[in-house]
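Everything on this sheet refers to the single structure shown next.
Order of the sequence lines fixes the chain letters, A, B, ..., with proteins taken first and strands second; residue numbering starts at 1 for each chain.
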Protein chains: 2
Amino acid sequence: MQTDTLSATFAALADPTRRAILARLSEGEASVSELAEPFSMSLPGISKHLKVLESAGLISRSRNAQWRPCKLETEPLKAVAGWLEGYRAMWEDRLDRLEAFLKLTDPNAREH
Amino acid sequence: MQTDTLSATFAALADPTRRAILARLSEGEASVSELAEPFSMSLPGISKHLKVLESAGLISRSRNAQWRPCKLETEPLKAVAGWLEGYRAMWEDRLDRLEAFLKLTDPNAREH
DNA sequence: CCATTATTTAACCAATAAGCTAATTAACTG
DNA sequence: CAGTTAATTAGCTTATTGGTTAAATAATGG
């Protein structure tokens, strides 16, 4: 994994299991075994995924007796959103042009 | 690389060289050697990165004589933005609470 | 202290990624 | 056709990833 945080974030997000874990955590904190429950994967497998998410800063872990509840952390997601903003104009611009095109080729428009 | 497109997109974005290439392409089309120029990497190395970007749908390639100009494609970025939207409320909510907190502890506010 | 539950660590494996150099393909140019 | 420029493919190496099972650690409860 690379050293910069954005790369670490994207790498962490590039796995459907990890994204599903984040989705689950967006509904509230959960223990490791709760998070593992929907998957056919072994518990150590989940544990590894959590480690990746944690080192990317996407989750934090506290402690409650023998449970280690995980919590979603949004900072890295904000960073991704910030990075994306640099490109948003590009696709919105394109959408504008598509709309213009549709208007030109719109049968209703042609009638006039 | 995984089969789902969102994973492929995130994986493609998880590399600073590839993100730099996209940034360059956001200013307009460019040939492979133009894209390679700012990097110390070998040309085949860049070629591989472009292949990753292309198979993630983040760029498309046309042909102009012996050049193969690359163009940024925004669909996958839109998909990422869409995915992110599911989490935006989370950090904006947090920001609201931070603002409330700052208001409470604001020296000016305390004077009254 | 012993057993149970929750989780992590260790050790391993197979597949993939990221880089290189050398060779090849493709297209233009004299 | 020969030479040059642009880019890709092949083949290799090394490191990382994503998964496994088995063993270890941590905390609770009787």
Quiz item: Taking 4.0 angstrom as the limit, do B:D4 and A:R19 come out as a salt bridge?
Solution: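 A salt bridge is present here (some side-chain N lies under 4.0 Å from a carboxylate O).
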
Quiz item: Between B:K51 and B:E54, is the closest basic N to carboxylate O distance under 4.0 Å?
Solution: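 Judged by the 4.0 Å cut-off on N to carboxylate O distance, B:E54 and B:K51 do not form a salt bridge.
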
Nearest-angstrom distance from the residue atom [atom1] of [X] to [atom2] of [N]:
{"X": "B:E37", "N": "D:dT5", "atom1": "CD", "atom2": "C1'", "result": "16 Å"}
{"X": "B:R68", "N": "C:dA27", "atom1": "CZ", "atom2": "C1'", "result": "8 Å"}
{"X": "B:D15", "N": "C:dG19", "atom1": "CG", "atom2": "C1'", "result": "11 Å"}
{"X": "B:F10", "N": "C:dT16", "atom1": "CZ", "atom2": "P", "result": "21 Å"}
{"X": "B:L53", "N": "C:dA17", "atom1": "CG", "atom2": "P", "result": "13 Å"}
{"X": "B:H49", "N": "D:dT9", "atom1": "NE2", "atom2": "C1'", "result": "17 Å"}
{"X": "A:K51", "N": "C:dT8", "atom1": "NZ", "atom2": "P", "result": "9 Å"}
{"X": "A:L43", "N": "D:dT21", "atom1": "CG", "atom2": "P", "result": "12 Å"}

Quick check for you: among [options], whose closest atom lies nearest to any side-chain atom of [X]?
{"X": "B:P44", "options": "D:dG18, C:dA22, D:dA22", "value": "C:dA22"}
{"X": "B:V52", "options": "D:dT20, C:dA6, C:dA18", "value": "C:dA18"}
{"X": "A:W67", "options": "D:dT20, C:dT7, C:dT5", "value": "C:dT7"}

Do any side-chain nitrogens or oxygens of [X] fall under 4.0 Å of OP1 or OP2 in [N]?
{"X": "B:S42", "N": "C:dC20", "result": "yes"}
{"X": "B:R18", "N": "C:dA18", "result": "yes"}
{"X": "A:S47", "N": "C:dT7", "result": "no"}
{"X": "B:R61", "N": "D:dT8", "result": "yes"}
{"X": "B:R63", "N": "C:dA27", "result": "yes"}

Quiz item: Linking I/L/V/M/F/W/Y whenever their side-chain heavy atoms sit closer than 4.5 Å, directly or via other members, would B:W83 and A:L25 fall into one cluster?
Solution: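 Same cluster: B:W83 reaches A:L25 through Ile, Leu, Val, Met, Phe, Trp or Tyr contacts under 4.5 Å.
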
Exercise. Say whether, by atom type as modelled, one donor and one acceptor occur between the side chain of B:R61 and the main chain of B:S31 under 3.5 angstrom.
Key: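 Not confirmed, B:R61 side chain does not pair with B:S31 backbone.
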
Self-check item: B:G82 backbone acceptor or donor facing B:E85 side chain under 3.5 Å
Solution: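 A pair under 3.5 Å: no.
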
Quiz item: Between residues 21-32 of chain A and DNA chain C, which residues have a heavy-atom gap below 4.0 Å?
Solution: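 Within this stretch, A:S31, A:V32 sit under 4.0 Å of the strand.
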
